[in-house]
Amino acid sequence: MLKIIETSYPLILLTLFSLLLLFGLGNTTLLDYDEGAYAEVSREMYLASEMVIPTLNGEDFFEAPPMLYWTQMLGFKLFGINTLGARSVNALCGLVTILILFFGSRGVLGSRTAFNASLILGSSFLFVYLSRVAMTDMLLTMFLTICLISSWYGVERAIRNQGGALLFWFGCLAASCAMLSKGAVGALFPVITAVIYLLSINRIGLLFRKNWLLPGTLTLVGVGFSWYLLIGFLHPEGFGFMKELFIKHHLGRFSSAIEGHSGPFYYYFIVLLVGFLPWFSYLPVAVYHAPVLSNREPASRFVRLFVIFSAIVLVFFSIAATKLPNYILPSLPGLALITATLFKAERMRYPTIWLVAGGISAALICLLGLVIAAAPLIISYLPDLLGEDSRKAPILAEPVQLGYGIWVAVVLLLFSGLHIIRALRGKQVNQIFQALLLSSGIVSATIFFTIMPIYDRLMNQPLASLALEAADHTPPDGRIVLYNINNRPSVMFASHRRTIYHSDRHLQQLPGLFHQDGVAVGITTNYYYGRLLSHSIPVQELNRQAGFVLFSMVMENSKPAPPQ
């Protein structure tokens, strides 16, 4: 009976996480800035049949390598130029990463532990979020996970004098794809990990074997740098783009905070506290008991490799000046493996620590539920708290109706927290794991299927709807004016039109934009539309939705455009 259950593990993972990662994927609007920008870059490349040089709003865009753009172009080919097309392949990469972790660790740690690790990873909020939102981090994580597992099996075969070079080369190929996904870290993290790991098992000489080092290096450099070389040869400015890509977006992000994205050294402690909820509270216990000390046991060596890699990722980005939650996604497969080895035990060692960790998890989930329950009250007081600034927020321009979805979320989250407490009272490891897993799934599902649709309805859909209407007034080669609405590339993606940003500081120059060919309408917020009227700028409202206004300019000797 146990064998039958174990053979069904892949099917369970495939079914469960296909629902969690793919269901309703195209129902919410793209999130600005990053997701909207990447999707728009891919749209422009797709329509221009361009595979090498990325553009945003018609201008060169070198913030990220092309792997995400290529996958989104594939999504557009399969599902059309829409949100589902932009997100579909990224979500499939999340699903593939879960299955890779299972199949890669099953032969070493056993089916049950591999299955548990995959469940932990796939139900974690941060992992689900970055599977359902198309950014570069999931592709990076998938390729790095492949790199680690393939290279580890190659080293194991070499230890047994059975070759292993081919698996190592494949690991290098995966690392080169990681470079094409996120840049230099795709190679930096695996190389540092390989050196530390091989030193720890006294096998550093493997790296210097001729049939390992030369082919592996050629694969890593040849594939990993292929796109960079192509741009250098094809772009009119040659290799000048590398200044923006590597100096600004690699070294610059490490040495100084970009666009205000800074944080203290413990920033990622907080990120994991939320993004790896409810497993995070068990991580210290899991790390302490992690089976990593023995050089003789393959399972110990396997877990050690992932511990080293996850530690490198966390330390590197904790030191870096620019900090964003998505940066540490590659560490999650390793953290899931470590946590799963803890729950492999039949009995609790140091029960008090287990109970305290579980109590922290339950308290955090209940706290999250209470915060969501307080949302209507908090929103009602925001105008008083923010004062004049509240008038500038589109969401506060009209009464906010949250609906019943938040109360469903509150009930589910409180139930999850109480269910963990009930399981802790039984002091059975398996029951505690099941309660944590259920809670983890509920947290992720609740946020994405109840909270995110509310956020999208209030914050993103109104702007996307006006962008579609603006496209009706704007020729295909025309542009939409975004008056004091910055960093919203989703407008371009929704309207299939380019945009012009115009600041409120140059208010009197706004009418001049509308004398340009192809410029007929603009979008702004209620507050800044009022500013235009107060300064006697001849604008006409065409439509208004949830704090955003679509407007045109009334030109001299012309009749106002009829309201839509």
Side-chain angles (χ1 to χ4, degrees), residues 24-47 54-59 61 63-64 68-69 71-73 75-76 79-91 129-138 259 261 324 326 392-395 397 448 451-474 476 478-502 521-526 528 542-551:
L25 194 61
N27 292 347
T28 54
T29 312
L30 295 173
L31 298 175
D32 288 315
Y33 165 78
D34 288 339
E35 188 186 27
Y38 293 144
E40 174 58 17
V41 170
S42 302
R43 185 190 73 85
E44 292 183 21
M45 293 178 70
Y46 179 74
L47 293 178
T55 60
L56 177 65
N57 208 20
E59 299 180 358
F61 184 82
E63 286 191 12
L68 177 62
Y69 310 143
T71 62
Q72 288 185 319
M73 291 165 71
F76 296 154
F79 302 106
I81 303 177
N82 51 44
T83 304
L84 178 61
R87 291 174 172 168
S88 55
V89 179
N90 185 76
Y129 171 74
L130 291 171
S131 294
R132 295 181 63 92
V133 175
M135 296 200 288
T136 56
D137 305 276
M138 185 53 67
E259 297 171 353
H261 296 303
L324 286 169
N326 49 293
K392 300 179 182 180
I395 190 176
F448 280 98
I451 302 301
M452 287 300 292
I454 295 173
Y455 175 85
D456 185 62
R457 172 173 56 83
L458 295 173
M459 298 293 291
N460 296 329
Q461 285 184 9
L463 186 58
S465 178
L466 290 182
L468 284 171
E469 187 173 340
D472 294 335
H473 297 271
T474 308
R479 291 176 292 175
I480 300 168
V481 175
L482 296 182
Y483 177 57
N484 231 64
I485 299 178
N486 199 10
N487 292 330
R488 299 303 293 262
S490 62
V491 171
M492 292 181 278
F493 186 83
S495 64
H496 295 193
R497 302 292 189 273
R498 295 181 183 179
T499 60
I500 308 174
Y501 173 73
H502 191 79
V521 294
I523 302 175
T524 189
T525 63
N526 284 8
Y528 286 105
L542 301 179
N543 199 356
R544 180 186 297 256
Q545 288 199 29
F548 292 100
V549 178
L550 176 68
F551 68 93

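The first residue in the sequence is number 1, and the count goes up from there.
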### Query
Passes side-chain contact (heavy atoms from CB on, under 4.5 Å), Tyr483 versus Val549? Steps please.
CA-CA 10 Å; Tyr483 177 57; Val549 178; over 6 Å; no

## Note on the structure
For Gly36 and Pro489, the nearest pair of non-hydrogen atoms, with its separation, is C-CG, 3.7 Å

### Message
Once rounded to the nearest 0.5 Å, what's the spacing between atom CG of Asn487 and atom CG of Leu482?
### Response
10.5 Å

### Message
So which atom in Ala37 and which in Phe61 form the shortest heavy-atom distance, rounded to 0.1 Å?
### Response
CB-CZ, 4.5 Å

### Task
Using the test ring pair (Phe, Tyr, Trp, His ring centres under 6.0 Å), find all partners of Phe448 that sit at least two apart in sequence or belong to another chain.
Phe125

### Task
Check whether any side-chain heavy atom of His496 lies under 4.5 Å from a side-chain heavy atom of Pro476, and answer yes or no.
no

### Task
Step by step, work out the side-chain contact (heavy atoms from CB on, under 4.5 Å) result for Leu31 and Met452.
CA-CA 11 Å; Leu31 298 175; Met452 287 300 292; 4.2 Å; yes

#### Entry: Pairs flagged by salt bridge (Lys or Arg N to Asp or Glu O under 4.0 Å) wherever residues 478-487 is involved - sequence neighbours left out
none

## Note on the structure
Contacts satisfying salt bridge (Lys or Arg N to Asp or Glu O under 4.0 Å) that involve residues 27-41 (not counting sequence neighbours) are Asp32-Arg488, Glu35-Arg87, Glu40-Arg43

### Task
Return the set of residues passing side-chain contact (heavy atoms from CB on, under 4.5 Å) with Ala470 (not counting sequence neighbours), or none when no residue passes.
Ile480, Val521, Ile523, Leu550

### Query
Where is the tightest heavy-atom contact between Pro462 and Gln545, given as atom of each residue plus distance?
CB-O, 3.7 Å

### Query
Out of curiosity, Gln461 CD to Thr28 OG1, how far, rounded to the nearest 0.5 Å?
8.0 Å

### Query
Mind checking whether Tyr38 and Tyr69 have parallel, tilted or perpendicular rings, split at 30° and 60°?
tilted

### Task
Work out which heavy atom in Ile81 is nearest to a heavy atom in Phe76; give both atom names and the distance.
CA-CD2, 3.8 Å

### Task
Search all heavy atoms of Gly75 against all heavy atoms of Ser88 and return the closest pair with its distance.
CA-OG, 3.8 Å

### Task
Check the pair Ile485 / Val491 against side-chain contact (heavy atoms from CB on, under 4.5 Å), numbers first and verdict last.
CA-CA 10 Å; Ile485 299 178; Val491 171; 5.8 Å; no

### Query
Should Thr29 and Thr83 be marked as a side-chain contact (heavy atoms from CB on, under 4.5 Å) after you check the CA-CA gap, both sets of side-chain angles, and the distance that decides it?
CA-CA 7 Å; Thr29 312; Thr83 304; 5.6 Å; no

### Summary
Ser495 meets the side-chain hydrogen bond (donor to acceptor under 3.5 Å, both in side chains) criterion, sequence neighbours left out, with none

### Summary
The reported gap from CE in Met135 to CG in Leu130 (rounded to nearest 0.5 angstrom) is 5.0 Å

#### Entry: Inter-residue atom distance Glu44.CD - Glu59.CD, 0.5 Å rounding
9.5 Å

### Task
Just jot down the ring pair (Phe, Tyr, Trp, His ring centres under 6.0 Å) partners of Tyr129, sequence neighbours excluded, or say none.
none

### Message
Can you tell me how far apart CG (Leu56) and CD (Glu63) are? Round to the nearest 0.5 Å.
### Response
8.0 Å

### Task
Identify the two heavy atoms, one from Ala86 and one from Ala134, that lie closest to each other, and give their separation to 0.1 Å.
O-CB, 3.4 Å

### Message
What's the separation between atom CZ in Phe548 and atom CG in Asn460, rounded to the nearest 0.5 Å?
### Response
8.0 Å

### Query
Tell me, do Asn484 and Tyr501 make a side-chain contact under 4.5 Å, heavy atoms counted?
yes

